[in-house]
Protein chains: 2
Amino acid sequence: MAPGRVVRSATASRQHVASGGAAVVVNLAPLLSPRSVAVVGASQAGGRATGAIRSLNDLGFEGPIYPVNPRYDEVLGLPCYPKLEAIPGDVDLVAIGIPSERVFQVLEEAHQKGIRAAVIFASGYGEAGEVGRSQESELQAFAARTGMLICGPNCLGVLDLHGRSAGYSSTSPKGLVPGDVAVVSQSGTIIVALVRSLRGIGFSRLVSSGNEAVVTTSDYLRAFLDDDKTRVLAAFIEGIKDPQAFLSVADAALERRKPLIVIKTGRSEAGGAATAAHTGSLAGSYEVQRAVFRQKGVVLCEDPDEWIEAIELFRYARAPKATGVGIIGVSGGENALVLDHAADLGLHIPVLSEVGREKLAAILPWYARAANPIDPTGAFATDPDLYRKCLEVLAQEPEIGVIAVSQDSPAHFDVAVAEATAQAAAASDKCFVYFSNFSGPYRPEVQAILRQAGVPYLQGIRESLKAIKALMTYHAHPQPTERATAPDHSRRDRVARLYAESGAIITEDVAKSLLAEYGFPVVRETLVASADEAVAAALAFGYPVVAKVVSADVTHKAVSGGVRLNLASPEDLMEAVRSMREDIGTACPDAVIKGFVVQPMVRPGIEVILGIKRDPQFGPTLVFGLGGIFVEAIRDIAIRLAPLSAAEAGSMVEEVPALQRMAAKLGSRHDLPGLAASLLLKLSELAADLPDEVEAVDINPVILDPASGTATVVDALIVKRQDEGR
Amino acid sequence: MAPGRVVRSATASRQHVASGGAAVVVNLAPLLSPRSVAVVGASQAGGRATGAIRSLNDLGFEGPIYPVNPRYDEVLGLPCYPKLEAIPGDVDLVAIGIPSERVFQVLEEAHQKGIRAAVIFASGYGEAGEVGRSQESELQAFAARTGMLICGPNCLGVLDLHGRSAGYSSTSPKGLVPGDVAVVSQSGTIIVALVRSLRGIGFSRLVSSGNEAVVTTSDYLRAFLDDDKTRVLAAFIEGIKDPQAFLSVADAALERRKPLIVIKTGRSEAGGAATAAHTGSLAGSYEVQRAVFRQKGVVLCEDPDEWIEAIELFRYARAPKATGVGIIGVSGGENALVLDHAADLGLHIPVLSEVGREKLAAILPWYARAANPIDPTGAFATDPDLYRKCLEVLAQEPEIGVIAVSQDSPAHFDVAVAEATAQAAAASDKCFVYFSNFSGPYRPEVQAILRQAGVPYLQGIRESLKAIKALMTYHAHPQPTERATAPDHSRRDRVARLYAESGAIITEDVAKSLLAEYGFPVVRETLVASADEAVAAALAFGYPVVAKVVSADVTHKAVSGGVRLNLASPEDLMEAVRSMREDIGTACPDAVIKGFVVQPMVRPGIEVILGIKRDPQFGPTLVFGLGGIFVEAIRDIAIRLAPLSAAEAGSMVEEVPALQRMAAKLGSRHDLPGLAASLLLKLSELAADLPDEVEAVDINPVILDPASGTATVVDALIVKRQDEGR
């Protein structure tokens, strides 16, 4: 067993890791795979601490267990010690099962004895008001000072199923099958559910991490990555404590091809509040998290059912060698339903090759269609080998990477179908998946046949197909990618100077000159102070023109009456400048007006928005969507962490299919999506040049012209980061 | 037992029912609850027909069973007859278990003997190519001639669990608990799955209806409605054979408060093809079906899991007396996940009253939050009555109609939680729902406690909350509503005349005068033949103006270059007319140009589309969404069957939240959604006046002006129905 080793700051304090303090490698082995365990609070009357001893016994732990309690001489047949220092041997882990107010004393004693890891079961910390939060800060300060590895507080602890060791107290792990899935969950009940066994999924490690005052989900995942016995990583996350560490472990997981399968709660505002109450975690914007997870190859699930199916699938599935899915099922009606869900998910269900269709036609009865999905019909009842032959045909199709066997578990045939599937899987190197169209009952006979053949056995049409989609996406995911272009240092310096000279809000005129540095095609414009100057400037462009107010105090110009489009004459322009002064005076009485910009009217086209938005957890993200007033109306937005690779820029644009549809509708012969992607790469350069300085950039709208295939930046705004905290 | 009675045409031919032939009431009792059954094809060697005898025996059927087969004297201990006419007594139903080619002879003999109902198990009909389709047509002609009630072909038949009778052959129904759910399914495997028992749901009737050559899903549902033992109706539908009959039975189900819970396959094009192959059903546009189902109060489920949960919930749930949901669960993390899903579904999770919060604070430990969702925390383990007390607080909240108890079935506490729930439900008249956050394992101990208390026991966060949402929606659904206003006959005659005089495509100019009849605010315009006439017309409006080509041969004017906006001067206008002729000449060389319309340029605003689209199954539907080029880009569309009630018009507009968001973004103080709804009611009048004549109406765009709160119809097109088939 390779003990987990994680990269942490020298002080072991989470805050330092997140802000990039000097990192050292910390070995989590004493915490995750202790060879000797002291249990403080052990009692002849039972309780949390005594539960920890029972868990060790139930696992068959072979190392020494030291109950600690001054009131007893023995607990559960073991000699009991009055305090930690009285223990004769070395101790890797202390499991602390006493109320929070007495925990510090024990930690101090543990440190004195040279113990390097602790599990704190008690609640009453970060999740419990003022008093609790201050106790949690003290814990963190203690860990920073001593380097103590602490699991919890407010947790059930850690289980090592292969090493048969633990610092865990809850439902007994007796009978749990060791396997290759390692799970960390901030929610304890999720761990209990897994310990009570769902379909005999085998675990290597289970960690109930609780409040994560010291050791975090990212740390545990890093340790799981280094563990030879673990092939699949799973996490139930309420809040990510150290976003940068999480990103780096996600990258490492992708690189090492250990899939990371996650449920993240708090995607609704309401859900966020419930989470905050529970563990004091900060729930970030779910849209950003979802985008970041996708970018990092993390498999994101929305409920426990999806999570269990994805875990089961990723555990057993062979890597798909093609993107198509072949489907077989004895029910035409249910096959239709499976197809509906496959279409919803964007799964590719290829038409069979001519050879394949001919083979099928020879196998199937005359009234059956030789097509994907295959319905072997009732004829299967009298010819059990028919099913296997159909599977063979699917396995030989070059476009098919996954063969999905759809069957009712509550119906008959399921054992025969499982046997046919096992046979076909043995004769092929393709990826086979068996799933029940009803989530239950789960049939042990079916499971036994499939497990032996290494075929995943899933439940529920929707969950199963969603898991298959995730598998396809995962295996198509590139390794962590670099930004598209090398940095241009002299430009970076020019931009940084211009940026430093500006106020907190960088208005349209300066923002556009900054964007021009990156090659953005900005609309021509002249900054003027008066109506007369405006008319003079308009001469250079020709009518119609646009006039807009320039003021750092007016961020939403259009709403406040600070934009006049389509001005056809000098009279219109002068009137526009006059009336804008009036409207802004009413809408924003305290606004200082720097002047007005006059621009030529850009021909209407497809308006898109490109932006940078600093996420409080993950840092600068790039945003793309339909622009103009549709930004807020449609909310069809693609998000990525900056900087982007070229492939990522392309995939962002693909996530806004409305752009492609509008371009088609307007009959454009130009590659407008490609144009938008190239602009995103320019913006990514800006984000990379000013990673900590920018709060937000709004380039809205950029008008894409379907006729000429060109883009024009019509308006832009930059908001500088105020609380830079560097 | 009230025998099912259905409204059918005199000829019992589905085609006549659908097209509105003279209807009579037909009694399905001989088919659904036969008192005597002949089984043709019974054999000592087993087979489909013999299976039908076994099913009757397994059910404890008390009437006479007559095996028919010239090769045997007895089958399964019963005297066997050489042919139907040899049977001594009356026969209600003949179950035909022989291949399709010999079925007609048997039907003929059955008719001679006065038998009124038949089940045909064999396949080889509509689902099986040319030959099959012609056999199916013959069946329909036979039924039309004789009035024979036929279930199937290509089916498993009918089961009456209370009357203990059947014409059914497949997995044995032995041990099935009689109950109050009646199911009809075009897919046989679904019936097999239900017969194999899912969680002991009790059924009154199960019908595998197969190809529905004669008796349809709508007919069975009508019979279920009339059945006293049935409270919940469920259907698995591949294609609706008689859409108008289905709409009428859905209305009746709503009126009589028997919920109708449906899975409909074929929502993707791919799914549609698989269905067609299976039963030859016509799958309509799923968006229209979904809208129609919602409008009619049908509960639409997307997979078998959702269907089973909705059936379980509707079976047991009390009617919610308020719209809020109170949630309780011992896991903060899982509560957060439940809240996420509740928010996704738009469930209302009310803040607790002050009284409620005070009561909770007195019950819960100090470190718990007194809020909805309630987390009783681990304290529940030592104080089992804590849970019941929390439930009591939720039950007393005036805003809470449903109390949702969230618990892991694989975790501990579940039996104690079920007991607390049962106690609280007994002491309250509110609706209680218990659900497991994991779909499985299903725990019989938990079920037994909840069943006794009449509390639904559901599985899966997503499915459970979706079912609760459906329950809320169902109980808030109004009874079937009438169109908003009485018809205006003289207007109808004027419009019909104008309509009759027009060609197949009614162009902008005529379409707008037709719309003006209904009070639509259409843009002013003049039809002109030349550039000079255009300039003269523009004088009346003032510049800028719009010019558009008028041609029945150019349906997509904008794409073909037939629209010029924002023309600022007579020169621009003349040039526009010239260049449009040129562009149309290139894009549509054969188009006959009727002329040009000149219109004042309407101030930009929010562009919406209103339309009528004839659905091939259900007839005229009304369509509403964002307009202009966004129609196809965004695809955020609301659909309803015409005519509309005022409430339905309002709910259509609510289904396009982008409108409300854009109005807010533009700072409008006017009720633009209300304005849009009033226009929809006008369009509904048109649809009601010309129910069979219109193929499509596109009013696109209607510009809603956020500043003035007015609407202007800028463009419109009407396509007449070609194949009127009346």
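As the structure is a computational prediction, the values presented were derived from the model and not from experiment.
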Check whether A:Phe438 gets within reach of chain B through its side chain, its backbone, both or neither, counting any heavy atom under 4.5 Å. both
Contact part of A:Asp408 toward chain B, heavy-atom cut-off under 4.5 Å: side chain, backbone, both or neither? side chain
Euclidean distance, A:Arg462 CZ relative to B:Arg462 CZ, rounded to 0.5 Å: 3.5 Å
Quick one: closest heavy-atom pair of A:Gly333 and B:Thr265, and the distance? O-CG2, 3.5 Å
What part of B:Ile308 lies closer than 4.5 angstrom to a heavy atom of chain A: side chain, backbone, both or neither? side chain
What is the distance from atom CG of B:Asn335 to atom CD of A:Glu238, rounded to the nearest 0.5 Å? 9.5 Å
Who wins among B:Ser439, B:Ala664, B:Pro604 for the most heavy-atom pairs under 4.5 Å with chain A? B:Ser439
Taken to the nearest 0.5 Å, the spacing of A:Tyr367 OH from B:Ser100 OG works out to 10.0 Å
Part of A:Glu302 lying under 4.5 Å from any heavy atom of chain B: both
Pick whichever of A:Asp305, A:Ile349, A:Val192 has the most heavy-atom pairs under 4.5 Å with chain B. A:Asp305
For the CD atom of B:Glu127 and the CG atom of A:Asp375, what is their distance to the nearest 0.5 Å? 10.0 Å
What pair of heavy atoms forms the shortest contact from A:Gly266 to B:Asp340, and how long is it? N-OD2, 2.8 Å
Value for CD1 (A:Ile263) from CG (B:Leu337), rounded to nearest 0.5 Å, stands at 5.5 Å
Can you check whether B:Phe413 reaches A:Thr189 side chain to side chain, under 4.5 Å on heavy atoms? no
Counting only non-hydrogen atoms closer than 4.5 Å, does B:Tyr543 touch chain A with its backbone (N, CA, C, O), its side chain (CB onward), both, or neither? neither
Heavy-atom closest pair (B:Ser187 atom, A:Glu334 atom, distance to 0.1 Å) is OG-OE2, 4.2 Å
B:Ile190 portion near chain A, given a 4.5 angstrom heavy-atom threshold: both
Using every non-hydrogen atom in the two residues, find where A:Asp303 and B:His341 come nearest and quote the distance to one decimal. CB-NE2, 3.7 Å
Side chain, backbone, both or neither: which part of A:Ser170 has an atom under 4.5 Å from a heavy atom of chain B? side chain
